[in-house]
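Here is the naming used below: chain letters follow the sequence lines, and residue numbers restart at 1 for every chain.
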Number of protein chains: 2
Amino acid sequence: MTKREQSAKEATVADVARAAGVSKAQAARALGGYGAVSEQVLSLVIAAAEGLGYRPNQLAKSMTTGRSNSIGVVVGDIENAHFGLALRGISDEVRDAGYTVVLVNTDEDLANEVAAVQELLQQRVAGLIVAPCSSTDTSHLESAQAHGRAVVLFDRGVRGLALDTVRVDFADAALEVGRLLLDTGHRRIGYVSSQRVKAAYQRGMDLGLSPVADRVDGIERAFTEAGSEWDPALVKLNATSDDALAAACAELLDQAEPATAVVCSDSLIALRVLGQIKRRGLRIPEDISVVAYDDFAWTELIEPPLTVVAQPVYDMGREAARALLRRLGHRVPAEQLPLRAHLIERASVSAPTVSSTLPGR
Amino acid sequence: MTKREQSAKEATVADVARAAGVSKAQAARALGGYGAVSEQVLSLVIAAAEGLGYRPNQLAKSMTTGRSNSIGVVVGDIENAHFGLALRGISDEVRDAGYTVVLVNTDEDLANEVAAVQELLQQRVAGLIVAPCSSTDTSHLESAQAHGRAVVLFDRGVRGLALDTVRVDFADAALEVGRLLLDTGHRRIGYVSSQRVKAAYQRGMDLGLSPVADRVDGIERAFTEAGSEWDPALVKLNATSDDALAAACAELLDQAEPATAVVCSDSLIALRVLGQIKRRGLRIPEDISVVAYDDFAWTELIEPPLTVVAQPVYDMGREAARALLRRLGHRVPAEQLPLRAHLIERASVSAPTVSSTLPGR
DNA sequence: TTGAAAGCGCTAACAG
DNA sequence: CTGTTAGCGCTTTCAA
């Protein structure tokens, strides 16, 4: 009768039914709030359940109903504030619908991502929100979809795949960034991203339906528009590790004709690029201009405050969740949250000095 | 036979068994890698499983074995880089043991936390890692423990509760912070934290086994040691919202005898306090000195670089996971990762100027 | 090494 | 309204 005894075995519907002196079905109905139950039975069952410390077993419930109350979220790097915030949006939105979030971090590694999706599917999550690390290798997502699981893509889309995708269109903002830099006098503009690709970037390379594709394209369009020569070699991808990023920065900054401006693909990249710049004793914006994507609080507090492209990350998370819930047959507000990116000019961009375009500074 | 058909119903052990022409039990044994199975049956079953695209149903598996392969993690604010990084540590560590992470964000709200624990328990997670928002209201955790679920506390302990707790001891570091500030000449030292307490802080208040308790205590001890008068009214807790934080800063900075130094309890608080300081046009460290807990990359990049107390957040996450795994009967490395905090002096602390101790600046 | 059968805790027909 | 009876997909005795 003591607590020790309860801890041995969790009370079940059958136990409650017995204690309440009703049938298992009635107890289940009372507990589950479905079907028809008399007042009397209801209170009897409630009391019994309370006395036994009954907790419904979600596993068994999902098992019999075939409906799970958890969704899987697969991201590349939870340490990145971008995903932290998006996750919060997702979390807040699905909570109201009664779902819980199973999170997997993939370290931006495709094999991990495939394994994660597999594992989540085996856990029979109701649906999946995935920020895919590749825009091309997505057979695991297609197959999940084919097996009847709801899948929503986050940040990155896949061409020709009928998957709901939540991402902001960076076309305008990216063009603006390009123009800003060009208007300010820059001609050698670097871009650093952790996006994984098979080879070094070259003009016309297919980056899939990714933010990076939009952003690089925006820069290129600005160059075309201005009739200037663009050097695609300054686009550095695959900066997934500290070393890789250091190498990219070296190629950008330590050459005869260095970049005079660098665009950082996210706040984590920005943090590291800033470190590299500092290490070299370069001043911003005198020696090098910097623009970063994602507007987190610290970008405004550093000296100089960073010119950034803000995006509504939290709302993106919520939208992804809503898209998924919709697929799962839930009612969610019809109006979409507007997902727009916008440039915020602060003080990290200025005209390149003559000296910065010369070697040996 | 087509994919469309498979998508209707997932293949089960029974299906595989039938296709392989063996009994359900044998198929299950072959698939699950337990029990005795002949070479022949094994290959037959493997082939059949492959052909049907069989995926084991984790739900059913957990259901029958009573063992779950997921653990619950409950944190106050996933947006806080502190938890993001810790979560990564947890995630990395449990992955190897075959567990997945169910994450719940509580917004530092006790009711949410209680509900989260309840929900996770109903989901029959194998164990729980909780960063409790209160050091006192912890009956839900005790009860989880009493019901035989493994619980590990993160960051904050509970006095008199036999729960594994992973937290770093801030006694030394906090004393050092106090000494540094006192030695530099500060006498009015503010402290800002988002920890929830029932009333305003006053000397001797029990803050539980929390980092904040350690840190405030360290400051007080430094004062005692120096024989100086400490003003406990400068300890501002409950700064959970932007408004609350703004109010705390106002009380600290906009009074006749303002604080000349402020200690920030975590990086999120620091970000906001820095914003408040900037808004007032105060210079760091000339007008006000700043020390923050948690050493994230941006703290070194701002101007001036922040003097901080670093803590091994990622390893704390890993240790929490290990403690839990241990409780769950897994073999994990016996040696503990050292969890030490240390002061990193940078440039945000200097002697208070006379003017800053005078009103009307 | 195999197979039949009995559950795990719950819901969902189907009769009363 | 209530109770009986099947399962959900898997593991696990228990015999063969």
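- The distance from atom CZ of A:Arg29 to atom P of D:dG3 is 9 Å, rounded to the nearest whole Å.
- Each of B:Val41 and B:Ala60 has a nearest nucleotide on DNA chain C; the 5'-most of these lies closest to B:Val41.
- Put simply, A:Gln26 has a side-chain N or O that comes within less than 4.0 Å of OP1 or OP2 on D:dT2.
- Closest non-hydrogen pair, A:Arg196 versus A:Asp107, comes out as NH2-O, 4.4 Å.
- Using a 4.0 Å cut-off, some side-chain N or O of A:Arg67 falls inside it from OP1 or OP2 of C:dA12.
- Atom-to-atom, CG of A:Asn57 to P of C:dG9 comes out at 7 Å; the value is rounded to the nearest Å.
- If you take NZ of B:Lys61 and P of C:dG9, they are 19 Å apart, rounded to a whole angstrom.
- Checked against ring pair (Phe, Tyr, Trp, His ring centres under 6.0 Å), B:Tyr99 has the following partners two or more places apart in sequence or in another chain: B:His330.
- No side-chain donor-acceptor contact under 3.5 Å links B:Arg149 to the backbone of B:Leu128.
- A:Leu31 places its CG atom 8 Å from the P atom of C:dC10, with the value rounded to the nearest Å.
- Taking every side-chain heavy atom of A:Thr64 into account, C:dG9 is the closest of D:dG9, D:dT12, C:dG9.
- Side chain of A:Lys24, nearest nucleotide from C:dT11, C:dT1, D:dT12: C:dT11.
- OP1 or OP2 of C:dC10 has at least one side-chain nitrogen or oxygen of A:Tyr54 nearer than 4.0 Å.
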Apply salt bridge (charged side-chain N to carboxylate O under 4.0 Å, His left out) to the pair A:Asp315 and A:Arg318, showing each step before the final yes or no.
CA-CA 5 Å; A:Asp315 282 344; A:Arg318 295 196 56 177; 5.2 Å; no

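- One interatomic measurement links the two molecules: CE of A:Met63 to P of C:dG7, which rounds to 17 Å at whole-angstrom precision.
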Do A:His82 and A:Asp77 pass the side chain to side chain donor-acceptor pair (under 3.5 Å) test, and can you show the C-alpha distance, the side-chain angles, and the key distance before you say yes or no?
CA-CA 9 Å; A:His82 182 79; A:Asp77 183 6; over 6 Å; no

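- When all heavy atoms of B:Asp155 and B:Met316 are compared, the closest pair comes out as OD1-CE, 3.2 Å.
- Each end of the helix from C:dT1-D:dA16 to C:dG16-D:dC1 yields a helix axis from five base pairs, and these two axes differ in direction by 40° (to the nearest 10 degrees).
- Picking from D:dG9, D:dT12, D:dT4 the nucleotide with the shortest atom distance to the side chain of B:Thr65 gives D:dT12.
- Within the structure, every side-chain polar atom (N or O) of A:Tyr34 is placed at least 4.0 Å from both OP1 and OP2 of C:dA12.
- Considering only the side chain of A:Ser23, D:dG3 comes nearest among D:dG3, C:dG9, C:dA12.
- Among D:dC1, C:dT1, C:dG9, the nucleotide with an atom closest to any side-chain atom of B:Ala36 is C:dT1.
- Put simply, CG on A:Leu44 is 10 Å from P on D:dT2, counting in whole angstrom units.
- If you take CZ of A:Arg18 and P of D:dG3, they are 14 Å apart, rounded to a whole angstrom.
- No engagement by A:Arg124 is indicated, since no non-hydrogen atom pair under 4.0 Å with the nucleic acid exists.
- Ion pairing of A:Glu93 with A:Arg322 is present here, as a side-chain N (NZ or NE/NH1/NH2) and a carboxylate O approach within less than 4.0 Å.
- For residues 113-128 of chain A, every residue pair satisfying the side chain to side chain donor-acceptor pair (under 3.5 Å) rule, not counting sequence neighbours, is listed here: A:Glu113-A:His140, A:Gln118-A:Gln122, A:Gln118-B:Arg55, A:Glu119-A:Gln123.
- The nearest whole Å value for the distance from the CD atom in B:Gln123 to the P atom in C:dC10 is 15 Å.
- Applying the 4.0 Å criterion to OP1 and OP2 of C:dT2, one finds that B:Ser38 has a side-chain N or O inside that range.
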